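Just so you know, ligand 1 is whichever comes first in the structure, and atom 1 is the first atom listed for that ligand. Quantities reported herein were computed from a predicted structural model and do not represent experimental measurements. Note that the numbering runs from 1 along the sequence shown for the chain.
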Amino acid sequence: VKTKTSIPFARPTIGDSEKQAVLEVLDGDVLTHGPQNKAFEQEFSAFMGGSAHAVTTSSCMAALHLACWQLGFGPGDEVLVPAQTHTATVHAVELVGAKPVFVDCNEQDGNMDVSVLRKKISPKTRGLIVVHFLGIPCPMDEVMQIADKHSLRVIEDCALAVGTYHQDKHAGLWGDAGCFSFYPAKHITTGEGGMFVTKHKDLAEKVTKVRGFGVDRKFEERKIPGIYDVPQLGLNYRMSEINAAIGRKQIERLPEILATRKRNFSRLKAQILSILGVHVPDIHFNHGKSSHYCLSAILPEKIRSHRNDLVLELNASGIGTSVYYPQPVPRMTYYRNKYGYEAAHYPIAELISDASIALPVGPHLGEAEIDEIAGTFKEVVERHL
Ligand SMILES: Cc1ncc(COP(=O)(O)O)c(C=O)c1O
(Lines give C-alpha, C1' and ligand atoms only; values in the text may rest on other atoms or scores of the structure.)
Protein backbone atom coordinates (compact mmCIF):
# COMPACT_ATOMS: atom_id res chain seq x y z
CA VAL A 1 0.00 0.00 0.00
CA LYS A 2 1.73 3.19 -1.17
CA THR A 3 0.89 6.60 0.21
CA LYS A 4 2.77 9.87 0.27
CA THR A 5 2.06 10.40 3.94
CA SER A 6 4.86 9.98 6.49
CA ILE A 7 2.64 7.80 8.69
CA PRO A 8 0.95 5.48 6.17
CA PHE A 9 -2.42 3.91 6.93
CA ALA A 10 -0.85 0.48 6.54
CA ARG A 11 2.52 -1.03 5.82
CA PRO A 12 3.15 -4.76 5.44
CA THR A 13 5.65 -6.27 7.88
CA ILE A 14 7.98 -8.13 5.53
CA GLY A 15 11.38 -9.13 6.87
CA ASP A 16 14.37 -11.23 5.90
CA SER A 17 12.61 -14.48 6.81
CA GLU A 18 9.81 -13.86 4.24
CA LYS A 19 12.41 -12.93 1.59
CA GLN A 20 14.45 -16.06 2.37
CA ALA A 21 11.34 -18.26 2.21
CA VAL A 22 10.44 -16.88 -1.23
CA LEU A 23 13.97 -17.51 -2.52
CA GLU A 24 13.84 -21.09 -1.26
CA VAL A 25 10.61 -21.73 -3.17
CA LEU A 26 12.04 -20.13 -6.31
CA ASP A 27 15.18 -22.28 -6.00
CA GLY A 28 13.02 -25.43 -6.03
CA ASP A 29 10.82 -26.92 -8.76
CA VAL A 30 7.41 -26.64 -7.11
CA LEU A 31 5.60 -23.33 -7.56
CA THR A 32 2.05 -24.56 -6.97
CA HIS A 33 0.27 -27.70 -5.63
CA GLY A 34 3.05 -28.05 -3.06
CA PRO A 35 4.05 -28.43 0.56
CA GLN A 36 3.97 -24.71 1.39
CA ASN A 37 0.21 -24.52 0.87
CA LYS A 38 -0.41 -27.62 2.95
CA ALA A 39 1.79 -26.36 5.77
CA PHE A 40 0.21 -22.88 5.63
CA GLU A 41 -3.26 -24.45 5.93
CA GLN A 42 -2.19 -26.54 8.93
CA GLU A 43 -0.43 -23.65 10.65
CA PHE A 44 -3.39 -21.31 10.13
CA SER A 45 -5.74 -23.93 11.55
CA ALA A 46 -3.41 -24.38 14.55
CA PHE A 47 -3.46 -20.61 15.15
CA MET A 48 -7.27 -20.75 15.23
CA GLY A 49 -7.20 -23.50 17.84
CA GLY A 50 -6.68 -26.61 15.74
CA SER A 51 -10.23 -27.64 14.85
CA ALA A 52 -10.56 -25.76 11.53
CA HIS A 53 -10.22 -27.34 8.11
CA ALA A 54 -8.38 -24.64 6.20
CA VAL A 55 -8.06 -24.24 2.42
CA THR A 56 -5.84 -21.58 0.86
CA THR A 57 -7.39 -19.38 -1.84
CA SER A 58 -6.27 -16.60 -4.15
CA SER A 59 -8.18 -13.96 -2.13
CA CYS A 60 -10.91 -13.50 0.46
CA MET A 61 -13.32 -12.67 -2.38
CA ALA A 62 -12.51 -16.08 -3.90
CA ALA A 63 -13.15 -17.77 -0.53
CA LEU A 64 -16.49 -15.94 -0.16
CA HIS A 65 -17.53 -16.95 -3.67
CA LEU A 66 -16.62 -20.60 -3.00
CA ALA A 67 -18.53 -20.47 0.31
CA CYS A 68 -21.74 -19.07 -1.23
CA TRP A 69 -21.54 -21.57 -4.08
CA GLN A 70 -20.73 -24.68 -2.07
CA LEU A 71 -23.29 -23.89 0.65
CA GLY A 72 -25.84 -23.98 -2.14
CA PHE A 73 -27.03 -20.37 -2.38
CA GLY A 74 -28.55 -19.73 -5.80
CA PRO A 75 -31.38 -18.16 -7.81
CA GLY A 76 -34.56 -17.64 -5.78
CA ASP A 77 -32.63 -17.52 -2.48
CA GLU A 78 -32.17 -14.50 -0.25
CA VAL A 79 -28.97 -14.02 1.73
CA LEU A 80 -28.79 -11.44 4.51
CA VAL A 81 -25.69 -9.22 4.40
CA PRO A 82 -24.61 -6.10 6.28
CA ALA A 83 -25.09 -2.81 4.43
CA GLN A 84 -21.79 -1.64 5.96
CA THR A 85 -19.09 -3.86 4.46
CA HIS A 86 -16.68 -4.30 1.57
CA THR A 87 -18.42 -4.88 -1.73
CA ALA A 88 -16.73 -8.34 -1.93
CA THR A 89 -19.10 -9.69 0.73
CA VAL A 90 -22.10 -8.88 -1.43
CA HIS A 91 -20.57 -9.63 -4.84
CA ALA A 92 -20.12 -13.23 -3.65
CA VAL A 93 -23.90 -13.52 -3.20
CA GLU A 94 -24.64 -11.90 -6.58
CA LEU A 95 -22.16 -14.14 -8.39
CA VAL A 96 -24.11 -17.27 -7.46
CA GLY A 97 -27.41 -15.68 -8.55
CA ALA A 98 -28.89 -15.24 -5.07
CA LYS A 99 -30.37 -11.94 -3.85
CA PRO A 100 -28.56 -9.95 -1.15
CA VAL A 101 -30.88 -8.47 1.47
CA PHE A 102 -29.16 -5.61 3.28
CA VAL A 103 -29.21 -5.16 7.06
CA ASP A 104 -28.16 -1.93 8.80
CA CYS A 105 -25.53 -1.99 11.53
CA ASN A 106 -25.48 -0.67 15.08
CA GLU A 107 -23.54 2.39 16.12
CA GLN A 108 -21.74 0.86 19.12
CA ASP A 109 -19.58 -1.55 17.17
CA GLY A 110 -20.53 -1.16 13.49
CA ASN A 111 -21.64 -4.79 13.27
CA MET A 112 -24.90 -6.00 11.75
CA ASP A 113 -27.84 -5.00 13.96
CA VAL A 114 -29.29 -8.30 15.15
CA SER A 115 -32.74 -6.81 15.81
CA VAL A 116 -32.93 -5.60 12.17
CA LEU A 117 -31.59 -8.97 10.99
CA ARG A 118 -34.50 -10.79 12.65
CA LYS A 119 -37.01 -8.57 10.84
CA LYS A 120 -35.49 -9.19 7.40
CA ILE A 121 -35.85 -12.98 7.48
CA SER A 122 -38.38 -14.16 4.88
CA PRO A 123 -39.48 -17.60 3.63
CA LYS A 124 -36.83 -17.19 0.88
CA THR A 125 -33.92 -16.59 3.26
CA ARG A 126 -31.34 -19.37 2.90
CA GLY A 127 -28.39 -17.88 4.72
CA LEU A 128 -26.50 -14.90 6.02
CA ILE A 129 -23.02 -13.46 5.91
CA VAL A 130 -21.78 -11.68 9.00
CA VAL A 131 -18.77 -9.38 8.82
CA HIS A 132 -16.67 -8.81 11.93
CA PHE A 133 -16.48 -5.07 11.38
CA LEU A 134 -12.85 -3.84 11.68
CA GLY A 135 -12.13 -7.08 13.56
CA ILE A 136 -14.75 -6.43 16.26
CA PRO A 137 -16.58 -9.72 16.96
CA CYS A 138 -20.26 -10.08 16.07
CA PRO A 139 -22.40 -11.65 18.83
CA MET A 140 -22.12 -15.09 17.21
CA ASP A 141 -24.04 -16.96 19.94
CA GLU A 142 -27.11 -14.85 19.17
CA VAL A 143 -26.57 -15.03 15.40
CA MET A 144 -26.27 -18.83 15.52
CA GLN A 145 -29.45 -19.12 17.60
CA ILE A 146 -31.35 -17.20 14.92
CA ALA A 147 -29.70 -19.23 12.15
CA ASP A 148 -30.56 -22.54 13.82
CA LYS A 149 -34.16 -21.50 14.39
CA HIS A 150 -34.63 -20.64 10.70
CA SER A 151 -32.26 -23.29 9.23
CA LEU A 152 -29.93 -20.69 7.72
CA ARG A 153 -26.36 -21.33 6.59
CA VAL A 154 -23.86 -18.87 8.06
CA ILE A 155 -20.71 -17.48 6.44
CA GLU A 156 -18.36 -15.29 8.48
CA ASP A 157 -16.45 -12.69 6.47
CA CYS A 158 -13.24 -12.59 8.51
CA ALA A 159 -11.25 -10.36 6.13
CA LEU A 160 -10.27 -8.14 9.08
CA ALA A 161 -10.67 -10.77 11.79
CA VAL A 162 -7.40 -12.68 12.19
CA GLY A 163 -7.19 -12.74 16.00
CA THR A 164 -10.91 -11.96 16.56
CA TYR A 165 -12.72 -14.12 19.10
CA HIS A 166 -16.32 -14.28 20.25
CA GLN A 167 -16.21 -15.86 23.71
CA ASP A 168 -13.21 -18.16 23.39
CA LYS A 169 -13.86 -19.33 19.82
CA HIS A 170 -11.98 -17.76 16.91
CA ALA A 171 -14.06 -15.94 14.28
CA GLY A 172 -14.80 -18.23 11.36
CA LEU A 173 -15.49 -21.27 13.53
CA TRP A 174 -19.00 -20.31 14.63
CA GLY A 175 -20.75 -20.49 11.28
CA ASP A 176 -20.48 -22.96 8.40
CA ALA A 177 -17.52 -21.16 6.83
CA GLY A 178 -15.06 -18.36 7.52
CA CYS A 179 -13.21 -16.36 4.86
CA PHE A 180 -9.94 -14.53 5.55
CA SER A 181 -7.91 -12.01 3.54
CA PHE A 182 -4.15 -11.66 3.18
CA TYR A 183 -4.22 -8.46 1.13
CA PRO A 184 -1.22 -6.21 1.99
CA ALA A 185 -3.07 -3.90 4.41
CA LYS A 186 -4.36 -6.82 6.51
CA HIS A 187 -2.98 -8.33 9.74
CA ILE A 188 -0.82 -10.71 7.76
CA THR A 189 -0.20 -10.72 4.03
CA THR A 190 0.73 -13.05 1.20
CA GLY A 191 0.65 -10.24 -1.40
CA GLU A 192 -2.82 -11.32 -2.51
CA GLY A 193 -4.42 -14.34 -0.88
CA GLY A 194 -7.11 -15.74 1.34
CA MET A 195 -8.15 -18.72 3.45
CA PHE A 196 -11.43 -20.63 3.49
CA VAL A 197 -12.00 -22.31 6.86
CA THR A 198 -14.78 -24.58 8.06
CA LYS A 199 -15.60 -26.97 10.87
CA HIS A 200 -17.18 -29.32 8.27
CA LYS A 201 -14.60 -31.75 6.80
CA ASP A 202 -16.80 -32.64 3.80
CA LEU A 203 -17.28 -28.96 2.91
CA ALA A 204 -13.50 -28.40 3.02
CA GLU A 205 -13.02 -31.34 0.66
CA LYS A 206 -15.64 -30.01 -1.77
CA VAL A 207 -14.11 -26.54 -1.70
CA THR A 208 -10.60 -27.94 -2.27
CA LYS A 209 -11.85 -29.63 -5.46
CA VAL A 210 -13.78 -26.71 -6.95
CA ARG A 211 -10.90 -24.36 -6.04
CA GLY A 212 -8.90 -26.28 -8.69
CA PHE A 213 -11.23 -26.61 -11.74
CA GLY A 214 -13.41 -29.35 -10.17
CA VAL A 215 -10.75 -31.96 -10.96
CA ASP A 216 -11.50 -35.29 -9.29
CA ARG A 217 -8.04 -36.06 -7.86
CA LYS A 218 -5.22 -34.09 -6.30
CA PHE A 219 -1.97 -33.55 -8.20
CA GLU A 220 -0.14 -36.13 -6.07
CA GLU A 221 -2.98 -38.66 -6.52
CA ARG A 222 -2.59 -38.83 -10.31
CA LYS A 223 -1.07 -42.24 -10.99
CA ILE A 224 -0.49 -41.41 -14.65
CA PRO A 225 0.72 -37.80 -15.03
CA GLY A 226 -1.76 -35.58 -16.83
CA ILE A 227 -4.67 -38.00 -16.48
CA TYR A 228 -7.70 -36.95 -14.48
CA ASP A 229 -11.46 -36.45 -14.83
CA VAL A 230 -13.75 -33.48 -14.15
CA PRO A 231 -17.13 -34.50 -12.72
CA GLN A 232 -18.21 -30.95 -11.86
CA LEU A 233 -17.70 -27.25 -12.53
CA GLY A 234 -14.79 -25.43 -10.91
CA LEU A 235 -12.58 -22.37 -10.85
CA ASN A 236 -8.91 -21.70 -10.41
CA TYR A 237 -8.75 -19.96 -7.02
CA ARG A 238 -5.50 -21.60 -5.87
CA MET A 239 -2.69 -19.87 -4.01
CA SER A 240 0.87 -20.28 -5.33
CA GLU A 241 3.69 -21.75 -3.25
CA ILE A 242 5.42 -18.34 -3.26
CA ASN A 243 2.46 -16.67 -1.55
CA ALA A 244 1.98 -19.55 0.89
CA ALA A 245 5.65 -19.42 1.92
CA ILE A 246 5.25 -15.73 2.78
CA GLY A 247 2.08 -16.49 4.75
CA ARG A 248 3.84 -19.13 6.87
CA LYS A 249 6.47 -16.61 7.99
CA GLN A 250 3.75 -14.04 8.63
CA ILE A 251 1.90 -16.40 11.01
CA GLU A 252 5.05 -16.56 13.15
CA ARG A 253 4.78 -12.79 13.61
CA LEU A 254 1.07 -12.83 14.50
CA PRO A 255 1.26 -12.80 18.33
CA GLU A 256 3.52 -9.77 18.25
CA ILE A 257 1.49 -8.04 15.52
CA LEU A 258 -1.76 -8.49 17.48
CA ALA A 259 -0.20 -7.31 20.74
CA THR A 260 1.15 -4.14 19.09
CA ARG A 261 -2.19 -3.43 17.41
CA LYS A 262 -3.98 -3.78 20.75
CA ARG A 263 -1.53 -1.46 22.50
CA ASN A 264 -1.71 1.13 19.71
CA PHE A 265 -5.51 0.99 19.56
CA SER A 266 -5.91 1.56 23.32
CA ARG A 267 -3.43 4.44 23.38
CA LEU A 268 -5.05 6.12 20.36
CA LYS A 269 -8.63 5.52 21.55
CA ALA A 270 -7.98 7.13 24.94
CA GLN A 271 -6.75 10.31 23.25
CA ILE A 272 -9.38 10.41 20.48
CA LEU A 273 -12.22 10.02 22.98
CA SER A 274 -11.02 13.09 24.85
CA ILE A 275 -12.39 15.12 21.90
CA LEU A 276 -15.98 15.97 22.72
CA GLY A 277 -18.57 14.30 20.47
CA VAL A 278 -16.25 11.78 18.77
CA HIS A 279 -17.43 8.14 18.83
CA VAL A 280 -15.21 5.10 18.28
CA PRO A 281 -16.92 1.80 17.35
CA ASP A 282 -15.40 -0.90 19.56
CA ILE A 283 -16.21 -4.13 21.33
CA HIS A 284 -19.02 -3.29 23.77
CA PHE A 285 -19.58 -6.58 25.51
CA ASN A 286 -17.03 -8.61 27.41
CA HIS A 287 -17.29 -11.89 25.57
CA GLY A 288 -14.45 -11.73 23.12
CA LYS A 289 -11.45 -10.06 21.57
CA SER A 290 -11.05 -7.59 18.74
CA SER A 291 -8.22 -7.93 16.22
CA HIS A 292 -7.86 -4.10 16.20
CA TYR A 293 -7.64 -3.62 12.45
CA CYS A 294 -7.84 0.17 12.67
CA LEU A 295 -9.57 2.88 14.70
CA SER A 296 -12.61 4.40 13.04
CA ALA A 297 -13.49 7.82 14.49
CA ILE A 298 -17.05 9.02 13.90
CA LEU A 299 -17.00 12.81 13.89
CA PRO A 300 -19.06 15.10 16.13
CA GLU A 301 -22.39 15.96 14.52
CA LYS A 302 -21.54 19.61 13.85
CA ILE A 303 -18.62 18.80 11.54
CA ARG A 304 -19.80 15.61 9.84
CA SER A 305 -20.23 17.39 6.52
CA HIS A 306 -16.55 18.46 6.70
CA ARG A 307 -15.26 14.88 6.70
CA ASN A 308 -13.46 14.99 3.34
CA ASP A 309 -11.77 18.32 4.19
CA LEU A 310 -10.55 16.81 7.44
CA VAL A 311 -9.14 13.81 5.57
CA LEU A 312 -7.22 16.09 3.19
CA GLU A 313 -5.87 18.15 6.08
CA LEU A 314 -4.74 15.04 7.96
CA ASN A 315 -3.05 13.69 4.83
CA ALA A 316 -1.35 17.06 4.22
CA SER A 317 0.02 16.81 7.77
CA GLY A 318 1.49 13.40 7.00
CA ILE A 319 -1.20 11.19 8.57
CA GLY A 320 -2.44 8.35 6.35
CA THR A 321 -6.16 7.60 6.66
CA SER A 322 -8.85 5.50 5.05
CA VAL A 323 -12.64 5.08 5.21
CA TYR A 324 -14.21 1.76 6.18
CA TYR A 325 -16.30 1.53 4.11
CA PRO A 326 -16.67 4.38 1.60
CA GLN A 327 -20.37 3.76 0.90
CA PRO A 328 -23.05 1.46 2.25
CA VAL A 329 -22.92 -1.33 -0.37
CA PRO A 330 -26.60 -0.88 -1.42
CA ARG A 331 -25.71 2.74 -2.33
CA MET A 332 -22.96 1.64 -4.75
CA THR A 333 -24.03 2.17 -8.37
CA TYR A 334 -24.31 -1.53 -9.27
CA TYR A 335 -26.60 -2.32 -6.32
CA ARG A 336 -28.52 0.96 -6.43
CA ASN A 337 -29.32 0.37 -10.13
CA LYS A 338 -30.37 -3.21 -9.52
CA TYR A 339 -32.35 -2.94 -6.27
CA GLY A 340 -32.97 0.80 -5.73
CA TYR A 341 -31.76 2.57 -2.60
CA GLU A 342 -33.49 4.14 0.36
CA ALA A 343 -31.04 5.89 2.64
CA ALA A 344 -33.59 5.89 5.48
CA HIS A 345 -33.21 2.10 5.78
CA TYR A 346 -29.49 2.37 6.54
CA PRO A 347 -28.95 5.37 8.85
CA ILE A 348 -25.97 3.89 10.72
CA ALA A 349 -24.24 2.53 7.61
CA GLU A 350 -24.68 6.02 6.10
CA LEU A 351 -23.23 7.65 9.22
CA ILE A 352 -20.15 5.41 9.21
CA SER A 353 -19.52 5.87 5.48
CA ASP A 354 -20.04 9.62 5.41
CA ALA A 355 -18.82 10.80 8.80
CA SER A 356 -15.97 8.53 9.88
CA ILE A 357 -12.22 8.59 9.38
CA ALA A 358 -10.18 5.40 9.81
CA LEU A 359 -6.85 5.91 11.56
CA PRO A 360 -3.96 3.44 11.58
CA VAL A 361 -2.91 1.30 14.57
CA GLY A 362 -0.71 -1.24 12.72
CA PRO A 363 2.61 -2.68 13.87
CA HIS A 364 4.50 -0.12 11.75
CA LEU A 365 3.63 2.43 14.46
CA GLY A 366 5.07 3.03 17.91
CA GLU A 367 3.96 5.28 20.77
CA ALA A 368 5.46 8.43 19.22
CA GLU A 369 3.51 7.96 15.95
CA ILE A 370 0.29 7.15 17.79
CA ASP A 371 0.66 10.35 19.82
CA GLU A 372 1.34 12.29 16.61
CA ILE A 373 -1.79 10.87 14.96
CA ALA A 374 -3.88 11.73 18.03
CA GLY A 375 -2.42 15.24 18.35
CA THR A 376 -2.90 16.08 14.67
CA PHE A 377 -6.42 14.60 14.62
CA LYS A 378 -7.39 16.68 17.64
CA GLU A 379 -5.95 19.85 16.12
CA VAL A 380 -7.75 19.32 12.78
CA VAL A 381 -11.10 18.46 14.41
CA GLU A 382 -10.95 21.40 16.83
CA ARG A 383 -10.16 23.80 13.97
CA HIS A 384 -13.49 22.85 12.36
CA LEU A 385 -15.65 22.66 15.50
C1 LIG B 1 -14.96 -7.29 4.89
C2 LIG B 1 -14.13 -7.58 3.68
N3 LIG B 1 -14.43 -8.66 2.93
C4 LIG B 1 -13.70 -8.98 1.84
C5 LIG B 1 -12.62 -8.22 1.44
C6 LIG B 1 -11.87 -8.60 0.21
O7 LIG B 1 -10.64 -9.19 0.49
P8 LIG B 1 -9.66 -9.64 -0.69
O9 LIG B 1 -8.99 -8.39 -1.19
O10 LIG B 1 -8.67 -10.59 -0.07
O11 LIG B 1 -10.48 -10.30 -1.74
C12 LIG B 1 -12.26 -7.09 2.20
C13 LIG B 1 -11.12 -6.26 1.82
O14 LIG B 1 -10.77 -5.30 2.49
C15 LIG B 1 -13.03 -6.77 3.34
O16 LIG B 1 -12.76 -5.68 4.09
Side-chain angles (χ1 to χ4, degrees), residues 1 9-12 40 44 54-69 79-96 100 102-103 105 109-112 128-138 140 154-164 171-172 175 177-197 207 211 235-240 243-244 246-247 250 261 281 290-296 320-330 332 334-335 349 352-353 356 358 360-362:
V1 178
F9 179 71
R11 183 186 287 142
F40 186 30
F44 196 77
V55 183
T56 53
T57 57
S58 51
S59 69
C60 180
M61 168 87 240
L64 287 163
H65 185 196
L66 291 168
C68 286
W69 185 25
V79 179
L80 301 164
V81 290
Q84 184 51 258
T85 181
H86 191 282
T87 189
T89 318
V90 192
H91 278 357
V93 176
E94 279 284 310
L95 280 169
V96 297
F102 294 99
V103 177
C105 46
D109 61 13
N111 277 321
M112 195 143 71
L128 59 98
I129 308 184
V130 297
V131 178
H132 302 286
F133 183 68
L134 310 180
I136 304 163
C138 292
M140 291 310 297
V154 177
I155 300 171
E156 295 177 68
D157 183 336
C158 300
L160 307 182
V162 175
T164 294
C179 303
F180 292 83
S181 172
F182 307 130
Y183 181 77
K186 304 292 158 54
H187 295 75
I188 58 170
T189 186
T190 56
E192 292 272 9
M195 192 75 81
F196 173 95
V197 310
V207 164
R211 173 190 65 169
L235 294 150
N236 182 355
Y237 278 169
R238 287 191 304 254
M239 177 183 281
S240 87
N243 301 84
I246 300 173
Q250 291 271 287
R261 284 184 172 275
S290 171
S291 67
H292 302 108
Y293 175 69
C294 65
L295 182 147
S296 179
T321 61
S322 191
V323 175
Y324 280 79
Y325 289 90
Q327 296 198 50
V329 176
M332 297 273 189
Y334 173 84
Y335 291 98
I352 292 176
S353 289
S356 76
V361 300

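In terms of protein heavy atoms, atom 10 (O) of ligand 1 is closest to S181 OG, 2.7 Å. Given atom 11 (O) of ligand 1, the protein heavy atom at minimum distance is M61 N, 2.9 Å. For atom 6 (C) of ligand 1, the closest non-hydrogen atom on the protein side is A88 CB, 3.8 Å. Among all non-hydrogen protein atoms, the one lying nearest atom 2 (C) of ligand 1 is A159 CB, 3.3 Å. In terms of protein heavy-atom proximity, atom 13 (C) of ligand 1 is nearest to K186 NZ, 3.0 Å. The nearest heavy-atom contact from the protein to atom 3 (N) of ligand 1 is D157 OD2, 2.7 Å.
Using a 4.0 Å cut-off to heavy atoms of T85, the atoms of ligand 1 that qualify are 1 (C). Within the listing of ligand 1, atoms 1 (C) sit less than 4.0 angstrom from a heavy atom of V131. Less than 4.0 angstrom separates some heavy atom of Y325 from each of these atoms of ligand 1: 1 (C), 2 (C), 15 (C), 16 (O).
By the criterion of a heavy-atom distance under 4.0 Å, both the backbone and the side chain of C60 are placed next to ligand 1.
Going from atom CZ of F133 over to atom OH of Y293 covers 11.0 Å, rounded to the nearest 0.5 Å. Between the CD atom in E192 and the CE atom in M239 there is a gap of 10.0 Å [rounded to 0.5 Å].
Ring geometry for F180 against F44 counts as perpendicular: the plane angle is over 60°, on a 0 to 90° scale with 30° as the lower cut. In this pair, F182 and F40 present their aromatic rings tilted. The plane angle is within the 30 to 60° band.
For H86, the ring-ring contact (aromatic ring centres under 6.0 Å, His included) criterion is met by no residue, not counting sequence neighbours.
Looking at S58 and R211, their side chains never bring a donor and an acceptor atom within 3.5 Å of each other.
With T57 contributing its side chain and G194 its backbone, the two residues share a donor-acceptor pair below 3.5 Å.
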